[in-house]
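What follows is a short report on a single structure.
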Amino acid sequence: MRRVSVRVGIALLTLFVFAVPFVIAGGAPEADPDEVTLRIGEHPGPHIQAMEEYFIPRYEEETGINIEMEVLPPDQVWQRFMLDAPEGDWDIGYHSPGWFGYFYEHVADLTPHMERHGFDPYEAYSQAVIDSHMTNEMLRPGEIIAIARNPQTPFYIYRTDWFEHPDEREAFEAEYGRELAPPETWEELYDIAEFFTRPAGETVAGETLEENLYGYSASVSEPGGMARAFLAIVYSMGLDGFDDEFQTDLDDPILLEGVEYWTRLIQDTFPPDATTWDFLEHLDFFAQGRLASAELWPEGVLSAESGEAEGNIGYATFPQWPGNRADLPIGRSFIGGGGVLVFDTPNQEHAYDFLHWMLVENAAEHNRRTAMFALEETFEDPDVLAEYDFYDEFLPVFQEQMEYAFPRQPIAEWGEVMYTPVGQFAADVMYGVESPEAAQQRLVDNMIEVFRQEGYID
Amino acid sequence: MSAQRFFTPWRFILPGAVLGLIILGYPIYRAIYYSMHSIRLHRLGNEVFVGIDNFTRMLSDPLFIRSIRVTVVFTLGCTILAVLFGLTIATIMSSRGIRGTRQARFFMAFFLVPFVTTQIVTAILGRLYIWQSQYGLVNFILGLFGVERVGWLINMQTALFATTVTNAWRMTPLALLIFYAALATISDELIESAEVDGASTWTTLFRIKFPMIKFHIGFVSLVILTSAFREFDVVYGLTGGGPGRSTEVMSVLVYRLGVAQANMGIANAISVIMFVIVAVMTIIAVKAGKLGAMRE
């Protein structure tokens, strides 16, 4: 008994000797920056080159902090974070709202870090961006979970030189009884696309076509590309997929009108290879002068503004779906793109400081090098606007389209109830695998089953 | 029989049997277990017992029936083409005058390339360089004969054909190796005496050589059949199961349902059905082989 008491006494004395200086110093001693290594797990994209060649070397030089970045294959990012985050293997990670649910318990709340920098995100970003990319009221209520880097939503681009050519304007007016202008409804978009779809040998704007010309395109490979593109129709029709009570609206008959329209649009006006393109590949086709109009995800704007199309692009918001369920004045899609989050490792302060330095303090330089936009002020920053001539037209349309964009519901299963099944639904109907009604029923049944299994509904 | 004599063989078998049970038995058990539960990929451990519901649902689902049809066509197509290609090349390479030459050795090594290439690389090669509609090799060759460009992988009518040929190309070296080795065991004297008796090349092939290697043909067919039946990488890498599910073999359907849609109960039910089909195919083939051997 006495021996035990002596041991306890020695332990308490040791604790006191070490604890007193620790308490006086005000907590854990801050690591020497030279000994800090930040580990970043990234998604591929135009920001990688800017980070590797400019931001990371400069920050390392200024602070002495080491930064190691690994670019992960896109389809493995969330799995890696899900597996590695509990072990603390990453300090900073790519943030896609759809993946957050798989590792949300290991992500740091950025609110105190933003306060340290006197940064108010609610003033700096639009509400849609905050809702979609920086908060998750279901899983982490009241917290800021990420910094938005390239929140974006698609809109419409078209060849201004062809739209303004007198021969084309005259021919279009004769055929459709109205002026050739960016479409105000999706049906008008179809008319324009159909008008410009021409075989090789015919002319466009007075030039003979050496290859077939197509009216409109997006990248519609199955099921991801198809989902991304078809969701513009779904959301333009005013459907949300499901509401706060997890009740679906995909059983609405308007969805059948939408998929019939979409099938017609693809079969009559898209290039056949579009079904093998996953994301931005159709913009290369546009730049080659093979497309009259296209869907543009903003991060692809530099691809579109090149080749034959450079300087000849008009930008417009997506057209309205008349009779849509949300009384939307224009069309819309979801907010895609991503941001960056900080994992709850001992390095989280340093990790946030780096992100703040890169994405807030050096936002203009980041925009210049990546053409990615998130902060509201950068849309009107003269330095940013001066970077490219087309920014004067591109950025206002981008901003307007974002006002109507749909922030995805913050549940981990969004991809399993919306993204993949909606893409498969559109593909199954387009290829005649199932009748539209049967495919719609499958879509609805899947959503209800998942919600039941997850306990969202009884 | 004494107890010692009875137990001795079991003692030798035991380590292998235990290892086999762990490596094969446990996953099979889990697959069967999950197939009878409603369970999500990210919530393993929260399963709800549903009996045979997953099986009855699948068997009445037109998409599953469609995938069985696609799998049967793909599997038989791969097997027939790979065996035919392998047999043809092996016959040529093992014929007198060619066999053993430096050129023959070079081409044998060349023909083995598809077999040592990773499946996903095979698929990417196929997608980008062989079947691609604008720049692909197949359309280039057809173009020399004035044939219009075909969208091999984007048409529902041609995608399964292209996928089948690609996988058959990958499996051909296996057939070639075994057939070549088997044909090499047939003595030249036997063929020469047949020729002296007036047998034509075709007669020696169909009456002497092929009958003598028929068990090898059966074995290779079985291996390719079971391999093609389970094939995922080549199909998924080449077409992702599309367009319009025209190449959606059962393993791709398992992936789509189990991983992309996280429905592990249904995905495991299909896996169990696949397991049973492969087991039955193997048993039938082994029995047929034994009967054949007994008749000999």
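Here the structure is a predicted model, which is why all the values come from computation and not from measurement. Within every chain, numbering begins at 1; the chains are lettered A, B, ... in the order of the sequence lines, protein sequences first and strands thereafter.
In terms of heavy-atom pairs under 4.5 angstrom with chain A, the leader among G151(B), S246(B), S38(B), G240(B) is S38(B). Most heavy-atom pairs under 4.5 Å with chain A: of the set R245(B), Q261(B), R127(B), M156(B), this distinction falls to R245(B). Ranking A260(B), G241(B), P243(B) against chain A, the residue ahead of the rest is P243(B), based on heavy-atom pairs under 4.5 Å. Ranked by heavy-atom pairs shorter than 4.5 Å toward chain B, the options E449(A), M430(A), M82(A), R452(A) are led by E449(A).
Between Y104(A) and F100(A), the ring planes are tilted. Angles from 30° to 60° get that label. Aromatic ring orientation, W414(A) versus F334(A): tilted (interplanar angle from 30° to 60°).
Contact of the D273(A) side chain with the E281(A) side chain is not registered, since no non-hydrogen atoms from C-beta on lie closer than 4.5 Å. Side-chain contact between T248(A) and F451(A) is absent, with no heavy atoms from C-beta onward closer than 4.5 Å. At a threshold of 4.5 Å between non-hydrogen side-chain atoms, the residues I145(A) and H95(A) count as touching.
We find that E70(A) and R80(A) are joined by a salt bridge, their nearest charged nitrogen and carboxylate oxygen being less than 4.0 Å apart.
N155(B) does not touch chain A: none of its heavy atoms, backbone or side chain, sits under 4.5 Å away. Neither the backbone nor the side chain of L41(B) comes within contact range of chain A; no heavy atoms are under 4.5 Å apart. Interface residue R442(A): only side-chain heavy atoms are found under 4.5 Å from chain B. Heavy-atom distances place no part of Y419(A) under 4.5 Å from chain B, backbone and side chain included.
Aromatic ring centres of F270(A) and W262(A): separated by under 6.0 Å. Between F81(A) and F343(A), a ring centre-to-centre spacing shorter than 6.0 Å is recorded.
Shown here for V252(B) and E248(B), the closest heavy-atom pair between the two residues is CG1-CG, 4.1 Å.
Residues of residues 48-74 of chain B that come closer than 4.5 Å to chain A, counting heavy atoms only, are R57(B), D61(B), P62(B), L63(B), R66(B), ordered by residue number.
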